[in-house]
Amino acid sequence: MPRTVKQDRALRTRAALIQAGAEVFGEEGFAGASVTRIADRAGVTLGAMYFHFPSKEALAREIVRSQPELVSPPLPSEGLQHAVDLTLTWAYQLLTDALLFAGARLLMEQDRFIGREESTHRVWTGVLARDFELAVKRRELRRSVDAGALARLVVNACAGAQMHAHLETARVDLPQRVEEMWRLVLPAVATARVIERLEFGEERGRCEGGSAGSVPASPGAGS
């Protein structure tokens with residue numbers, strides 16, 4: 001068999017395992033998921049599963065590490081607007097994207113399979129901190145604002161919004177909760193001129209597509 005055919009098949013198998021892992025982790029959490037069920041969902045043998053991922057922990061790490069790469073706002077932006085767009089895109093995409101939902105579901109179990117420096121909280125904080133550092137330079141944020149502290153606050157708020165929205169509304173109002181958070185936080189950190197120019201709404205966050213697969217609607221994500 002030509003090498004390229006083998007490589008293509010291996011890539012498809014790996015992608016199927018990541019998708020299946022996301023769906024099963026999203027349904028069962030890390031502790032409840034089994035490699036057998038993940039392999040069955042992907043339609044591959046356990047041997048194929050272990051060839052690509054030596055353990056359930058390795059698969060969960062791959063899903064968690066990929067989270068920021070999955071979120072790309074539909075409209076170009078920089079600085080503070082990009083931070084807003086990024087969180088809104090995450091909120092809209094999490095409604096239908098099995099990989100993002102798995103990351104949210106695995107939030108409270110990450111100590112079982114990944115180090116603190118690679119946790120989704122640390123990674124997302126770093127991503128937003130870069131936006132806020134640029135926003136400070138552009139005088140969109142007040143000089144006294146600590147970019148890292150603000151990033152931690154926003155990540156904490158988004159994580160909490162996701163958990164409560166999941167329990168209370170099956171997440172359907174998560175984007176609105178994220179926008180509400182911004183409207184409460186911004187007056188304390190941004191100038192009135194910049195706040196007036198910031199854009200919110202569905203067009204800033206809703207993208208076409210997302211990973212295929214089911215996203216559970218029952219309570220329990222991130223809890």
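Remember, it's a predicted structure, so these values are computed and weren't measured experimentally. Heavy atoms only: backbone and side chains are in, while hydrogens, waters and symmetry mates are out.
- Between Thr169 atom OG1 and Leu174 atom CG the span is 8.0 Å, to the nearest 0.5 Å.
- The shortest non-hydrogen separation linking Leu198 to Leu186 is CD1-CD1, 3.6 Å.
- Tracing side-chain contacts under 4.5 Å through hydrophobic residues (I, L, V, M, F, W, Y), one reaches Leu59 starting from Leu46; they form part of the same cluster.
- Considering only heavy atoms from C-beta on, Leu106 stays 4.5 Å or farther from Ile114 through its side chain.
- Using modelled atom types, no side-chain atom of Arg152 and backbone atom of Thr125 make a donor-acceptor pair closer than 3.5 Å.
- The minimum heavy-atom distance linking Leu134 with Gly79 is given by the pair CD2-N, 3.7 Å.
- Here the CZ atom belonging to Arg105 is positioned 15.5 Å from the CG atom belonging to Leu100, to the nearest 0.5 angstrom.
- Separating the CG atom in Leu99 from the CD atom in Glu23 is a distance of 8.5 Å, to the nearest 0.5 Å.
- Between Ala91 and Pro175 the shortest heavy-atom distance is CB-CA, 3.7 Å.
- For the atom pair CD1 (Ile63) and CG (Leu17), the distance works out to 10.0 Å, reported to the nearest 0.5 Å.
- Scanning for ring pair (Phe, Tyr, Trp, His ring centres under 6.0 Å) contacts around Tyr92 gives an empty result, with sequence neighbours left out.
- Here CG of Asp97 is found 11.5 Å from CZ of Phe101. Values are rounded to the nearest 0.5 Å.
- Scanning both residues, Arg171 and Leu95, for their nearest heavy atoms gives O-CD2, 2.9 Å.
- Applying the salt bridge (charged side-chain N to carboxylate O under 4.0 Å, His left out) rule to Glu179 yields the partners Arg183; only residues at least two apart in sequence or on another chain are considered.
- Residues Leu11 and Ile38 do not share a hydrophobic cluster, defined by chaining ILVMFWY side chains whose heavy atoms lie under 4.5 Å apart.
- Nearest approach of Ala22 to Ala102, heavy atoms of both residues: O-CB, 3.4 Å.
- Note: Phe132 and Trp182 have perpendicular aromatic rings, judged against thresholds of 30 and 60 degrees for the angle between ring planes.
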Take Leu107 and Met163 through the test side-chain contact (heavy atoms from CB on, under 4.5 Å) and record every step on the way to the result.
CA-CA 10 Å; Leu107 180 64; Met163 292 179 186; 3.2 Å; yes
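- Residues Leu128 and Val185 share a single hydrophobic cluster, defined by chaining ILVMFWY side chains whose heavy atoms lie under 4.5 Å apart.
- By the criterion of side-chain heavy atoms lying less than 4.5 angstrom apart, applied directly or through intervening Ile, Leu, Val, Met, Phe, Trp or Tyr residues, Tyr50 is grouped together with Ile18 in one hydrophobic cluster.
- Residue Ser72 comes nearest to Gln93 through the heavy atom pair N-OE1, 4.5 Å, listed as atom of the first residue, atom of the second, then distance.
- Interatomic distance, CZ of Phe200 versus CG of Asp85, reported as 9.0 Å (0.5 Å rounding).
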What's the verdict on side-chain contact (heavy atoms from CB on, under 4.5 Å) for Val71 and Trp124, showing C-alpha distance, side-chain angles and the deciding distance?
CA-CA 11 Å; Val71 181; Trp124 278 116; 3.8 Å; yes
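- Among residue pairs with one or both ends in residues 189-201, those qualifying as salt bridge (charged side-chain N to carboxylate O under 4.0 Å, His left out) are Glu199-Arg204; sequence neighbours excluded.
- Every residue two or more places apart in sequence or in another chain that forms a salt bridge (charged side-chain N to carboxylate O under 4.0 Å, His left out) with Arg122 is listed here: Glu117.
- A salt bridge (charged side-chain N to carboxylate O under 4.0 Å, His left out) check over residues 49-77, counting only residues at least two apart or in different chains, returns the pairs Arg14-Glu62, Arg65-Glu118.
- Linking Ile, Leu, Val, Met, Phe, Trp and Tyr whenever their side-chain heavy atoms come within less than 4.5 Å leaves Met108 and Val123 in two separate clusters.
- Here Asn156 pairs with His121 under the side-chain hydrogen bond (donor to acceptor under 3.5 Å, both in side chains) rule; sequence neighbours left out.
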